[in-house]
Amino acid sequence: MSNESESVPDHQSPAAGSSPQETLESVVIRFCGDSGDGMQLTGTQFTNTSAMFGNDIATFPDYPAEIRAPAGTLPGVSGFQVNFASNDIYTPGDTVQVLVAMNPAGLNANVADVDPGGIIIANADAFTSGNLKKAGYASNPLEDGTLSSYRVFPVPISRLCEESLADTGLGAKAIAQAKNMFTLGLVYWLYDRPMDSTIDYLNSYFGKKKNKPELAEMNVKALKAGYYLGETGELFVNRYHVPKAKLASGTYRKISGNEATALGLITASRLANSELVYCSYPITPASDILHTLCFYKHYHVKTLQLEDEIAAMCGAVGAAYAGGIAVTGTSGPGLALKSEALGLAVMAELPVVIVNVQRGGPSTGLPTKTEQADLLQAMWGRNGECPAIVLAARSPSDCFDLAIESIRLAVRYMSPVILLTDGYVANGAEPWQLPIVDQLEPIEINHASEFNYHNDELDGDGNNCYMPYLRDENESRPWAIPGTPKLEHRIGGLEKDALSGNVSYTPDNHEHMVRQRASKVNRVADSLPPTEIQGEQSGDLLIIGWGGTYGSIYSATNKLLQAGHKVGTVHLRYINPLPNDLGDIIKRFKRVAIPELNLGQLSIMIRSKYLVDAVGINKVKGKPFLVAELVEQLSALLPAPTAGSNGVKEPSAGSGKTKSQAAVAK
Amino acid sequence: MTTVELPTYKPKDFASEQEVRWCPGCGDYAILAAVRKVLADMSAPKENYVFVSGIGCSSRFPYYMGTYGLHSIHGRAPALATGIKSTNPDLQVWIVTGDGDGLSIGGNHLLHVIRRNVDVNILLFNNRIYGLTKGQYSPTSERGKKTKSSPFGSIELPMKPIAFALGAGATFVARCTDVNRGGMNHMPAVLKAAAQHKGTSFVEIYQDCNVFNHAAFFYATEKDEAAEHTVYVEHGKPMVFGKARDKGIRMNGMRPEVVSLEHISESDLLFHNEKELTVSQILAQMTHPEHPEPVGVLRNVQKPTYEGQLTFQIDSTIEKFGGEGTIEDLLYSGDTWTVSE
Ligand code: SF4
């Protein structure tokens, strides 16, 4: 399996200081264990510390759908992968250089992804005959030589942790739960990380929030004990150091996609000087948006947890009708339930944003795994001709920008906007360069307050009545909200008269309105920024991606460019409508490839719209693309690199990583 | 002291320009007229009213009101109304629904809007049939009823809307009939009480579907019938009924029974108590022909409203933080770090 060359530890580098220390550009660590072992917390803490230290980071949490699958079994394994680097990274890494396995099942489920020569730190105490059997091992892999191609460090973590906490007077169960912090401490030492941000976290979480200072103290003690074991235990020959990354100057914080979506929604509502009304029903992996939003009441955020997905969508439509910034969030099965009320929003032309955090389907599918298979549902999964604006976020921080953009477009075009993210983007984290608040553009909302039309049959000169479907320059209709004197009007799901919005079954009016609703959504394309192409502006192969595959496709494109291939990549954030210039871009390339985590849904759209024989690269394993597999499959579509290309081509400046605000529609 | 000029309205001010298109003789007309009259009497600004409906004959109601109106999708009006009222608690939100819309396809939403005590007024037109789809049995159709979809008789037991609302924890439950040819119609009084109640008001209205289920409620609406088969309940008063007001309801152990007032005094009768859930529940179980069916306000208690608590949490959080949050605070919080060139 190929691997990013800069990530391979440099064993030749001279040892530094008293503890021999090597400097590495990037390292991928995966923490794994039972879903009760606290691996998500451990991984998150390692990530936070690395981000605060100044590394670039990308994470991939991977956990089972069951809250607590039977302990020690393969289905119960929970993992958290983090790539931290001193260079720019775009993915959590194809393979891992360090595996921390808290039990045999964790080892068995993950060992195949470890680089040859990679480090395996295992909790030797968990490798009991019972656990080995549950994990499907006939003999102990820590002892039988099967791991000889790795550098294996069996550490009696449970026992050492227990011994170091014996004087705390706490029960065996509490002490056992601290072994993840003990392990984290050991890894902190190995990778030369400071402990203070985790100590702060433990004190505030256990000490303040849970009001259990004794647990805070115990966990801090475990963390330090692990760290000191590294220092004094002489387990490892080397220590490693990953210097700070050269990120653009500014203020940063670590952000996951769901957090970014929540913050983007709040920011948009404040930019619009309006109230955010978020209507939702709990669903994995979208619930964290609700969990985040419900804390921000002092930003006038109203969160309504409704009785089902249908009610959540209807509540949002009602909120939009009443003049709020109306949003609902869900995942695939929920989007299916919302489709009827989404149709009402299309018919009534009300601004609602639907965030769909995609997961593996169909049906309940793979609740905690990622997939991109709701694209066509978002595009066409409703009765009738029912167009909505569709956007797709490409990275965790891009969720912030596109959440704002979704609301801006929804209120400007009086249209539902579906914002597609996915489990990978939603749960993954990266450093986010915070926007300069003054540079965020206000969102303009004009609630109608006056008559807008003159009707000869009515009294009065000038405008003497209100026509709720009179169009403006964006083909959008006015938004008069209940409570506005004189503009009382009725709307609903029956076909509307093109002007008054009253019920109309006239054949010509229906055709006009069907075309009008489509035309309005297509109008959005006129306001989009020019499409950026990463790499060549014309050539042998155009790669078209969308959504959370951005990092993998970006990295793969760079590798192909470095190998001298004439490739360009467009990563779509606007899916409906597609950018106006996409057709011309497609014509400039000999072939088109579309990598997607589905069976070819964007392919269907691109092929039918541009009549191009696009080749799909499709994967549906509930996992993101590996860079290596993309490079391999894309290379197969390319002629041999032309002589003279020396592989030094740098990616074009404009198509860099979305760590700061990316261009959005004007 | 300044005085505010309150708007004065006539019922016709609450009419829209649209032609009313129910079947001739439909009970909906009487309800529409009563609602317009009650709103005109209430003198709240017309622009603050929103009528929300789902699908069905009754759900055309918003088109005929000169207020804001949202004719939504089947069964979902309570969820839309929750969104509307939560967004703007100053609005007077009315939901118009039917036995199919509210109790079948929208049963879940109806249950939860009541449970949350959103301050909306729900008018459930019960005609015990699907009218708009031309005559199939509904959740309130009686067992054995022959309809287009039950030619051999319905095999389903009907539900009791009042019992459903009480079960959902309703703070206001009432019943009235579209017309009363046997005495005073209690609909205006019931609608007014519903409008004045803070919290969810649930009103079941017996409504005659002149085309597909005519005369279903004649026992409760016709001359010589209504007074014998309904009992108008008033808080604190004994339950007396009958044309000659010669009958009453008395408790016999756990069961209500009809007694003649010839030998039994009024003080031995069951007294209505709209604050006492048990009394409301007993009333909810009284059905024709064993018992007279109660009309009037069956339950009326005060509990915190959904949108009131929602607003309170927001206001008190703003107070706790010493003001509204800014975007700067929102983004530049938690663990941040600075990179300089
Ligand atoms: S079908 Fe029945 S309920 Fe519907 S309008 Fe006609 S009479 Fe009224």
Side-chain angles (χ1 to χ4, degrees), chain A residues 48 51-52 54 197 247-254 263 266-267 270-271 275 277 279 296-300 302 304 306-308 310-311 314-324 326 340-341 343-344 348 434-435 437 440 481-494 502-503, chain B residues 16-18 45-53 55 62-63 65-74 76-88 90-91 108-109 111-112 310 313-314 316-318 320-321 323-328 330-341:
Chain A
N48 290 355
M52 303 271 289
S197 111
L247 297 172
S249 62
T251 305
Y252 286 78
R253 73 190 268 192
K254 186 205 74 167
L263 296 185
I266 302 173
T267 301
R270 296 289 81 202
L271 289 172
E275 279 187 1
V277 184
C279 302
Y296 289 100
K297 298 205 189 306
H298 54 305
Y299 288 80
H300 293 278
K302 290 174 174 167
L304 279 60
L306 289 150
E307 58 270 22
D308 59 24
I310 296 171
C314 288
V317 176
Y321 178 69
E340 186 200 23
L344 175 65
L434 296 171
V437 173
L440 296 170
I481 57 172
T484 313
K486 298 194 300 185
L487 305 192
E488 292 91 351
H489 63 282
R490 276 68 51 194
I491 57 172
L494 288 169
N502 288 337
V503 178
Chain B
S16 74
E17 75 289 357
Q18 299 199 18
K46 190 172 83 153
E47 64 268 18
N48 281 357
Y49 286 97
V50 186
F51 279 77
V52 190
S53 65
I55 296 295
Y63 289 123
M65 294 295 297
T67 63
Y68 284 93
L70 186 51
H71 174 221
S72 74
I73 41 179
H74 210 6
R76 320 294 177 213
L80 281 134
T82 302
I84 293 170
K85 187 73 182 176
S86 301
T87 304
N88 184 355
D90 294 337
L91 299 172
N108 193 31
H109 308 305
L111 164 69
H112 290 283
L310 191 66
Q313 284 194 343
I314 287 176
S316 55
T317 312
I318 290 174
K320 193 178 107 194
F321 281 92
E324 290 172 7
T326 65
I327 299 177
E328 190 83 26
L330 176 72
L331 305 183
Y332 289 74
S333 65
D335 292 337
T336 62
W337 69 94
T338 305
V339 175
S340 39
E341 295 290 356

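Scope of the values below: all heavy atoms of this structure, side chains included, with no hydrogens, waters or symmetry mates. Chain letters run A, B, ... following the sequence lines, proteins first and then strands; every chain starts at 1.
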Evaluate B:Ile314 against A:His300 for side chain to side chain contact (heavy atoms under 4.5 Å, CB included), listing each step before the verdict.
CA-CA 6 Å; B:Ile314 287 176; A:His300 293 278; 4.0 Å; yes
I'd like to know whether A:Glu488 forms a side chain to side chain contact (heavy atoms under 4.5 Å, CB included) with B:Met65, so could you lay out the CA-CA distance, the side-chain angles of the two residues, the decisive distance to 0.1 Å, and finally the verdict.
CA-CA 9 Å; A:Glu488 292 91 351; B:Met65 294 295 297; over 6 Å; no
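At a threshold of 4.5 Å between non-hydrogen side-chain atoms, the residues A:Leu306 and B:His112 do not count as touching. Side-chain contact between B:Ser316 and A:Lys297 is absent, with no heavy-atom pair separated by less than 4.5 Å. Counting only heavy atoms from C-beta outward, the side chains of B:Leu111 and A:Glu307 never approach each other to under 4.5 Å.
For a residue to count as touching a neighbouring chain, one of its non-hydrogen atoms must lie under 4.5 Å from one of that chain's; by this rule B:Lys46 touches chain A with backbone and side chain alike. Residue contact with chain A, scored on non-hydrogen atoms closer than 4.5 Å, involves the side chain of B:Leu91 exclusively. Of the atoms belonging to A:Val317, heavy atoms from both backbone and side chain fall under 4.5 Å from chain B. At a 4.5 Å heavy-atom cutoff, the contact between B:Tyr63 and chain A is made by backbone and side-chain atoms alike. Neither the backbone nor the side chain of A:Ala316 comes within less than 4.5 Å of any heavy atom of chain B. Residue contact with chain B, scored on non-hydrogen atoms closer than 4.5 Å, involves the backbone and the side chain of A:Ala51 alike. Heavy atoms closer than 4.5 Å to chain B are found in the side chain of A:Glu275, but not in its backbone. In this structure, chain A has heavy atoms under 4.5 Å from both the backbone and the side chain of B:Leu331. With a 4.5 angstrom heavy-atom cutoff, A:Ile481 touches chain B only via backbone atoms. Proximity to chain A is absent for every atom of B:Tyr49, based on heavy atoms less than 4.5 angstrom apart.
Ranked by heavy-atom pairs shorter than 4.5 Å toward chain B, the options A:Pro482, A:Ala248, A:Ala319, A:Gly315 are led by A:Pro482. Comparing B:Lys320, B:Glu324, B:His109 by heavy-atom pairs within less than 4.5 Å of chain A, the highest count is held by B:His109. For the options A:Met52, A:Lys254, A:Lys486, A:Arg270, heavy-atom pairs under 4.5 Å to chain B are most numerous at A:Met52. With respect to chain B, the highest number of heavy-atom pairs below 4.5 Å among A:Leu304, A:Val503, A:Leu344 belongs to A:Leu304. The most heavy-atom pairs under 4.5 Å with chain B, out of A:Ile310, A:Val277, A:Leu271, come from A:Ile310. For the set A:Gly54, A:Ser249, A:Gly492, the count of heavy-atom pairs under 4.5 angstrom toward chain B peaks at A:Ser249. Between chain A and the options B:Ile327, B:Val50, B:Leu330, the largest number of non-hydrogen pairs under 4.5 Å is found for B:Leu330. Interface remark: of the candidates B:Leu310, B:Thr82, B:Asn88, B:Leu310 forms the most heavy-atom pairs closer than 4.5 Å to chain A. By number of non-hydrogen pairs under 4.5 angstrom with chain A, the leading residue of B:Ser86, B:Gly334, B:Pro45, B:Ser340 is B:Ser86. Top candidate by heavy-atom pairs under 4.5 Å with chain B, chosen from A:Gly250, A:Ala311, A:Ala322, is A:Gly250.
The two residues B:Leu80 and A:Cys314 have their closest heavy-atom pair at CD2-O, 3.5 Å. Between A:Lys302 and B:Thr87, the shortest heavy-atom contact is NZ-O, 3.5 Å.
A donor-acceptor pair under 3.5 Å links the side-chain atoms of A:Tyr321 to the main chain of B:Gly69, judged by distance alone. Side-chain atoms of A:Tyr299 come within 3.5 Å of backbone atoms of B:Thr326 as a donor-acceptor pair (strictly under, hydrogens ignored). B:Tyr68 places a side-chain N or O within 3.5 Å of a backbone atom of A:Thr484 that can act as its donor or acceptor partner.
Between the side chains of B:Asp335 and A:Asn48, no donor-acceptor pair of N or O atoms lies under 3.5 Å.
Salt-bridge annotation for B:Glu17 and A:Arg490: present, with a side-chain N of the basic residue lying under 4.0 Å from a carboxylate O of the acidic one.
Below 30°, between 30° and 60°, or above 60°: for A:Tyr252 and B:Trp337 the angle between ring planes is below 30°, a parallel geometry.
Atom-to-atom distance recorded for A:Arg253:CZ and B:Thr338:OG1 is 13.0 Å, nearest 0.5 angstrom.
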